[in-house]
There are 2 protein chains.
Amino acid sequence: MSVEFDQIAFGPAYRKVADAIGERILTRALREGERLPAETELARQFGVHRSTVREALRELQSRGLLERRAGSKLMSVSRPPRAHIAAGISHALLLHDVTVRDVWQALTILEPPIARAAARARTAEDLAALEAATAAFGAGMADPKEAVRHTSAVFRCIAGATHNTVLGLAQEPLLQLLEPSLRVIIDRVQQARSRIGTAHAHLSEALRAGNEVQAMRWMERHIADFSRGYELAGIDMALRLSL
Amino acid sequence: MSVEFDQIAFGPAYRKVADAIGERILTRALREGERLPAETELARQFGVHRSTVREALRELQSRGLLERRAGSKLMSVSRPPRAHIAAGISHALLLHDVTVRDVWQALTILEPPIARAAARARTAEDLAALEAATAAFGAGMADPKEAVRHTSAVFRCIAGATHNTVLGLAQEPLLQLLEPSLRVIIDRVQQARSRIGTAHAHLSEALRAGNEVQAMRWMERHIADFSRGYELAGIDMALRLSL
DNA sequence: GATTCTATGATTGTCGGACAATCCGGCAAC
DNA sequence: GTTGCCGGATTGTCCGACAATCATAGAATC
């Protein structure tokens, strides 16, 4: 007789509590927005002390599975916000000695097809959002900080127009990582602003027309321009990114 | 006189402690492998209670910034392991109602250029690893579970051959998400195994020859085949992924 | 009756302390 | 040199406590 044993649940109690709650969230037994019982109540249910529960909650919180909604003490279930997990990815990449070139190469690969998909799938709302973002870039060009923010925003709009969450999420950490260096470029390279503006305009137009090839081409050019920008700004692309 | 005020640090103490330690890690003031002081000592240094420190540690631990190395009680600084953050991303995508098609589309975009880059940048070791992985797939074909594992492994080898951490990390969650459904395909579709094997062989060959176009073409075909596989296995690609 | 104030209770954030289990390092015994 | 044992350090968990915050219900006021 061969008996199959389940893997023994190792590890400290706070981990088991976190796993138990986390599993309920991932299987949607607990739905988004639903509020968890109070800590004391959880402690009672799990048969552990409140401190133990709290450690578990901290873990789930930092995974973005729980959040505290404004004006409520009780934790509620949440889907991890994009920016939140993107930040985690960015940090991980930083520590893995990622270079500017690595990130740029990833953009090279990712963005043109995203633009193409966006040209295919964009709705009228996507278009409006994109045009608002490009307009904001034109208006806020003076302040480098704003210019960078709006450049990222345009990327986000385009990725959003694909209606594919995976693509949006894949892009996000790259933007986060590049923003600082992008700012340096915009600061140092005079023609950067106008070239970015031109690219935005053509991308916008291509998406409006639903012209996939055009969208892809302009995005390729846009990303390639970044490489020129790094050169002109005197940034070594082999340099490790840092905070 | 205009005085600039720093933003007031809001939030509970455990967050501030976590931020303080996390910042040291991200700026590399604490280097990888370095061991943190004991909890009591940290509590003394920060002037808070040990429970508070522990909550902060749980958070950093779940971000992958700290880990407990085998046989050591003290926490040590770590760079978040790829699989760890990929799991976080997978969970997030799950909760964001990602469909099989979304993930597949991302693969469609990502993998062919990865294969191309790999053909360009692969070293002899990469090649050896890849060939070992394809061989393992051939050997373990019988067990569907193993077959899936090795299929992913081949993808990982190829991404590894690009020597671009960003690409490897971008790919990882996609593999994690697709593995279950891939297994269904291999289970149900007879010719799946051999077609995957063929693709592996050609990819391997292309990488050996440094033939970028060939690598890309075969990867395109490989990924496109997945779509066929879903169809043949009767899996609706518009279906939400779930655990 | 509607509104404002207040008391009350629930809940979190933080603290103090405690103790068993485990692990490290050193030291003695073999 | 290896083995076994002991003391100290460290974690995991518990108990209990209390201030601050917030919601709610109920009382007081207009």
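When rounded to the nearest whole Å, the span between CD of A/Glu41 and P of C/dG9 equals 19 Å. The interatomic distance linking A/Gln61 (CD) with C/dT12 (P) rounds to 11 Å, in whole Å. Distance B/Leu74 CG to D/dG8 P: 19 Å, rounded to the nearest Å. One atom, CG of A/Leu42, and another, P of C/dA10, lie 16 Å apart when rounded to the nearest Å. What separates NZ of A/Lys16 from P of D/dG12 is a distance of 12 Å, to the nearest Å. Distance, A/Leu36 CG to C/dA10 P: 19 Å, rounded to whole Å.
Applying the side chain to side chain donor-acceptor pair (under 3.5 Å) rule to A/Glu23 yields no partners; only residues at least two apart in sequence or on another chain are considered.
Residue A/Arg24 places its CZ atom among 12 or fewer non-hydrogen atoms of other residues, nucleotides or ligands, all under 6.0 Å distant. The environment of B/Arg28 atom CZ is dense: over 12 non-hydrogen atoms of other residues, nucleotides or ligands sit within 6.0 angstrom.
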Assign a letter to each nucleotide of nucleotides 13-19 of chain C from its 5' end: B, base within under 4.0 Å of a protein heavy atom; S, sugar-phosphate only; -, no contact. BBBBBB-
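Checked by atom type and distance alone, the side chain of A/His96 pairs as donor or acceptor with a backbone atom of B/Pro80 at under 3.5 Å. Judged purely by atom type and a 3.5 angstrom limit, A/Trp104 has no side-chain atom pairing as donor or acceptor with the backbone of A/Thr99.
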Could you walk me through whether A/Arg82 and A/Glu172 pass the salt bridge (charged side-chain N to carboxylate O under 4.0 Å, His left out) check? CA-CA 8 Å; A/Arg82 218 163 298 189; A/Glu172 189 62 34; over 6 Å; no
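Counting atom types as modelled, B/Lys73 pairs no side-chain N or O with a base atom of D/dT11 as donor and acceptor under 3.5 Å.
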